[in-house]
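For reference, the structure discussed in these notes is given below.
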Amino acid sequence: MRPHNTEATRSGMTGPHADTARQARRIAGLRGNSLGISLMFIAEYGLGIGVNLYVHIPAADRGNGIASALGRALTSQPVVLAVHAGLGLLLLVAAVKVLTRAIRARHRFAIAASVTGLVAIAGAAVSGASPVSDSKAGASMAMAVLTGIALVCYLGNLFVVRQTALQ
């Protein structure tokens, strides 16, 4: 039967030292993913502003529901809308990855912030599909606010997790 932590065994680290090294790697991975998703949010904000100001959703694309709105946004013109929707989907995947890392690191603040961030991203996705579906300005505002909340959550991971790890 293989030892549980083969990397620690190969490096000669066992016991508490191996656990400390593993925890440090988990914290570093969590912080790296939190930084990455924060940068993705900044790009998404810029794209969202451009879509909101300069993209006209054709009348034929309105009123068919959120799922079909996402499909149309990803597959039709304008390209900036497709990039915005695609990056939004990637943000959902990245949020699940950050949450997984927070759980593995067993960092309570990071878990709470990551869950909040994931819920905010899901809400922003639903709100973001709504303008394509029914063209309501309030949905665009909700998407922007929820995206900001999610960004604050992941930036919180960067700063709070770092402080905890240094103690």
Practice task
Decide side-chain contact (heavy atoms from CB on, under 4.5 Å) for R101 and R26; before the verdict, give the C-alpha distance in whole Å, the side-chain angles of both, and the deciding distance to 0.1 Å.
Solution key: CA-CA 7 Å; R101 286 195 180 264; R26 287 178 178 166; over 6 Å; no
Handout entry: Student check: side-chain heavy atoms of V96 and L92 closer than 4.5 Å
Key = no
Exercise for the section: Please tell me if the side chains of I37 and I121 come closer than 4.5 Å, counting only heavy atoms from C-beta onward. Expected result: yes
Exercise for the section: Applying side chain to side chain donor-acceptor pair (under 3.5 Å), name anything that partners T147, two or more places apart in sequence or on another chain. Expected result: none
Practice task
Following the transitive rule for hydrophobic clusters with a side-chain heavy-atom cut-off under 4.5 Å over Ile, Leu, Val, Met, Phe, Trp and Tyr, establish whether V152 and L39 coincide in one cluster.
Solution key: no
Practice task
Determine whether L90 and Y45 fall in the same hydrophobic cluster, where Ile, Leu, Val, Met, Phe, Trp and Tyr are linked whenever their side-chain heavy atoms lie under 4.5 Å apart.
Solution key: yes
Exercise for the section: State the CZ-OG distance between F109 and S114, to the nearest 0.5 angstrom. Expected result: 8.5 Å
Exercise for the section: Spell out, yes or no, whether L47 and V79 are grouped together once hydrophobic residues are joined by side-chain heavy atoms under 4.5 Å, including indirect joins. Expected result: yes
Problem - Verify same cluster id: L118, L155 (apolar side-chain graph, 4.5 Å) - result: yes
Problem - Value rounded to 0.5 Å, distance of OG1 in T116 from CG in L146 - result: 11.5 Å
Fill in the blank from the handout: Rounded to the nearest 0.5 angstrom, the CG-CD distance for L151 and E44 is 11.5 Å
Practice task
With the side chain counted from C-beta on, respond yes when V145 and M141 share a heavy-atom pair under 4.5 Å apart, and no when they do not.
Solution key: yes
Exercise for the section: Look at the side-chain heavy atoms of Ile, Leu, Val, Met, Phe, Trp and Tyr, link any pair under 4.5 Å apart, and say whether V98 and V93 land in one connected group. Expected result: no
Completion exercise
Nearest heavy-atom approach of F41 to A150 is CZ-CB, 3.5 Å
Fill in the blank from the handout: Heavy-atom nearest pair, A102 first then L30, reads N-CD1, 3.8 Å
Handout entry: Residues Y154, L35; criterion side-chain contact (heavy atoms from CB on, under 4.5 Å); working and verdict
Key = CA-CA 7 Å; Y154 296 112; L35 175 62; over 6 Å; no
Handout entry: Gap between atom CD1 of I111 and atom CZ of R104 - 0.5 Å precision
Key = 12.5 Å
Handout entry: CG-CZ distance between L158 and R31, expressed to the nearest 0.5 angstrom
Key = 5.5 Å
Fill in the blank from the handout: Closest non-hydrogen atoms of L91 and M40, given as atom of the first, atom of the second and distance, are CD2-CB, 3.5 Å
Fill in the blank from the handout: Taken to the nearest 0.5 Å, the spacing of L99 CG from C153 SG works out to 11.5 Å
Fill in the blank from the handout: In short, S34 meets S38 closest at the heavy-atom pair O-OG, 2.8 Å
Problem - Min side-chain heavy-atom separation H107-V160 under 4.5 Å - result: yes
